[in-house]
**Q** 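Starting off with a structure, shown below.
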2 protein chains.
Amino acid sequence: MESATLDDVASKAGVSAKTVSRVVNGERSVRPQTRERVLRAIEQLGYRPNLLARGLSGAHAYTVGLIYDNPNAYYIIAMQQGALTACDALNFGLQIRTCNSRSPALAEDLRNFVHRSRLSGLVLTTPVSERAASLRKLAAYDIPFVRILSAADDPDDEFPCVYVDDRDAAYAIVSHLLQLGHVRIGFLQGGKHHHASAERLKGYKDALQHYGVPLRKELMIAGDYVFDDGFRGARRLFDLAEPPTAIFGCNDEIAAGALAAAQAAGLHVPYDVSIAGFEDSPFSRHSWPPLTTARQRADVIVERATRMLISRINGNDIENEGFTPELVVRGSTAPPRPKRRQRKRR
Amino acid sequence: MESATLDDVASKAGVSAKTVSRVVNGERSVRPQTRERVLRAIEQLGYRPNLLARGLSGAHAYTVGLIYDNPNAYYIIAMQQGALTACDALNFGLQIRTCNSRSPALAEDLRNFVHRSRLSGLVLTTPVSERAASLRKLAAYDIPFVRILSAADDPDDEFPCVYVDDRDAAYAIVSHLLQLGHVRIGFLQGGKHHHASAERLKGYKDALQHYGVPLRKELMIAGDYVFDDGFRGARRLFDLAEPPTAIFGCNDEIAAGALAAAQAAGLHVPYDVSIAGFEDSPFSRHSWPPLTTARQRADVIVERATRMLISRINGNDIENEGFTPELVVRGSTAPPRPKRRQRKRR
DNA sequence: ACAATTCATGACAGCGCTGACATCACGTTG
DNA sequence: CAACGTGATGTCAGCGCTGTCATGAATTGT
């Protein structure tokens, strides 16, 4: 019933506890044949190292921290799931923490968190992962971390990361709208403090340019990644003399707000106006009509980042990796309805 | 920089480490005067016990597990938040785990989880908290737990719990609809394996009876706590010869489904049909129109439950406690629109 | 007033593991 | 062939805390 200890494995394999420890921690200097024997004993006894003892004894607690500053519950759950999967598989613990990414003391807060729990490293999600100055401080504190962030043109390779190609995904969404025949496409931007916002904006602009559609300032509205800003932004768009026939909301919550605004204004989605989001949150599936969006596998992305981090902690070299969200077409987008307003367009 | 240890506190207070340990753990046999001195030293040094060492040394890991089997991200995040608040305040660790509440091996799974991490106890949320047979096994395994559950008529006081008065809250919602003048009120029930479903049903029935409105079988539709069942259920209601003028969905996701179904059917909410949910999830705020619902403070409830659990682990007696969700009236409910159908009603 | 009991406190081992260092068996090298 | 790496393994202390038991002081009963 009681779980096996290092000593149990050691005597079963006929080696010292320290050697078993070496095998468990993947240290080099163990003869392959010995390693083999130890691994077999571990397998037979179903040995798993005791995190508490490891942490108490070692230089770090064999536990990573998942850091976020994000109000989106679905996103958080998915990220937690991914991190947990990786940690369970690799015998690491997981600590979960919110933070204030705009605090000037961000780096110090994180350092305190790491030191207090003797964390082995951090997985930083957006927008925490984008606070360059704080990251430099963290690195100076010798805290290992892996960040998840939007791919930038100039990939900032200073620190290891998993990047998400927001530009490409936004490009795909806007192209989809353009191909449907939309020309006046509203853009509800997300918070400026997320790099993803700039990337998605770039995808929007690039797609318009590629299809030879001029950019219209009045169709682009700033805001944050929240429902209310989607609602207000869309209302402003509908009030224009020439309102857009399609709206791209920078995430599903913004798009949900736009959807609500459309319905409040008596517009039919998608016949009067098409709406697209970004993220593939349950919102996008559970609205009416369901939202066209870009699927972002936060669980997979974070699992990857967590594995990279642990690998790095174990002293291995790691390589950055990228993901591109995938277009998901649902009922909220359709060809524009020909109508006077559109004909009038110069 | 390094955090203080028991020994630091001990020498500062002029006592042995063991005595400090006694104070920290609230053991009785310490003279008030000594305790005072130790507490002052702890305060001055900012001492916080090391969870790893405590867990390694002691009979349990000073860590509680939060167990859920629930697909609702908002709910989970709120619960985690509450549990974390309590654990941070009381110097306990927190482990978070999903499980399959319908597995016949539920109790064994939980026991393994507890043993593997040497958890001090469990906070069980619905519907895990309702699996009576498994709870008895857990109790037999000597695993302390506190459950969160729907208040039943016959309060099952066998195990400590925090209960939520679902019946009263549902009663309040249906009364609200009745007071608006609705008589044909559809009821979209949640999954049978949640006791809350039965309680909410009871609230529905009680309210109708109190207002002298006969119960109509055809207005009550079974389903689960998911969007799709809300959608399908509402569609069936709209297809009735005499459709309801109001619908009460057993949670916000069901209500969101009903809302989508109404919009898909070209019905205007709330003028053609009123819709109410339960839970006060962001769904209810971010739909159009926003949903009338019952606010359930999952964070507060779970924080309370966690504090109870830790108190119990520390050897104190605890008392059960109750919460009643609070009616929140938003734009999705309004008086029924007088129309032919209603006049025809016999 | 003295043994019997209770209370407050301390000494000490040890939880399971890792870090630092010691050891030993092999080549290598001049 | 002695001196010296180099790689594989072992020894041992100790991380910070709690459980167990020992100790001495205070309190009680007769």
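Proteins come first, then strands; the chains are lettered A, B, ... in the order of their sequence lines, and each starts at number 1. No experiment lies behind these values; they were computed from the predicted model shown.
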**Q** My understanding is that only residues two or more places apart in sequence, or in another chain, count here; which of them pass ring pair (Phe, Tyr, Trp, His ring centres under 6.0 Å) with A/Tyr74?
**A** B/Tyr74
**Q** Can you tell whether the side chains of B/Lys137 and B/Glu108 come within less than 4.0 Å, N to carboxylate O?
**A** yes
**Q** What pairs of residues pass the salt bridge (charged side-chain N to carboxylate O under 4.0 Å, His left out) test when at least one of them lies in residues 302-318 of chain B, not counting sequence neighbours?
**A** B/Glu303-B/Arg307, B/Arg304-B/Glu321
**Q** Is there a residue in residues 52-65 of chain B whose heavy atoms reach under 4.0 Å of DNA chain D, and which residues are they?
**A** B/Ala53, B/Arg54, B/Ser57, B/Gly58, B/Ala59, B/Tyr62
**Q** Under the ring pair (Phe, Tyr, Trp, His ring centres under 6.0 Å) rule, collect the residues that match up with A/Phe92, sequence neighbours excluded.
**A** A/Tyr62
**Q** Locate the shortest heavy-atom distance separating B/Cys87 from B/Leu94; write the atom from each residue and the value.
**A** SG-CB, 4.0 Å
**Q** May I ask you to check whether over 12 heavy atoms, not counting those of A/Arg118, lie within 6.0 Å of atom CZ?
**A** yes
**Q** Does a nitrogen or oxygen in the side chain of A/Asn25 sit under 4.0 Å from OP1 or OP2 of C/dT18?
**A** yes
**Q** For the pair B/Glu158 and B/Leu135, evaluate side chain to side chain contact (heavy atoms under 4.5 Å, CB included) and give the outcome as yes or no after the intermediate values.
**A** CA-CA 10 Å; B/Glu158 192 179 354; B/Leu135 297 185; over 6 Å; no
**Q** Does A/Gln81 have any side-chain contact (heavy atoms from CB on, under 4.5 Å) partners at least two apart in sequence or in another chain, and if so, which?
**A** A/Thr85
**Q** Listed in order of residue number, which residues of residues 26-48 of chain A have a non-hydrogen atom at under 4.0 Å from DNA chain C?
**A** A/Tyr47
**Q** To the nearest 10°, let me know how far the axis at one end of the helix from C/dA1-D/dT30 to C/dG30-D/dC1 is tilted from the axis at the other, five pairs an end.
**A** 40°
**Q** List for me each residue that meets ring pair (Phe, Tyr, Trp, His ring centres under 6.0 Å) alongside B/His193, sequence neighbours excluded, and say none if there are none.
**A** none
**Q** Quick one: list whatever passes ring pair (Phe, Tyr, Trp, His ring centres under 6.0 Å) with B/Phe145, sequence neighbours left out.
**A** B/Phe159
**Q** Please report the distance, rounded to the nearest Å, between CG in B/Leu51 and C1' in D/dC17.
**A** 11 Å
**Q** Verify the neighbour count for atom CZ of B/Arg35: are there more than 12 heavy atoms of other residues, nucleotides or ligands below 6.0 Å?
**A** yes
**Q** Which residues within residues 5-22 of chain A lie with some heavy atom under 4.0 Å of an atom in DNA chain D?
**A** A/Val15, A/Ser16, A/Lys18, A/Thr19, A/Arg22
**Q** Among residues at least two apart in sequence or on other chains, which ones pass salt bridge (Lys or Arg N to Asp or Glu O under 4.0 Å) with A/Asp88?
**A** B/Arg97
**Q** For the pair made of CG in B/Asn314 and P in D/dT18, what is the distance, rounded to whole Å?
**A** 11 Å
**Q** Not counting sequence neighbours, which residues clear side-chain contact (heavy atoms from CB on, under 4.5 Å) with A/Ser103? List them please.
**A** A/Asn100, A/Ala105, A/Asp109
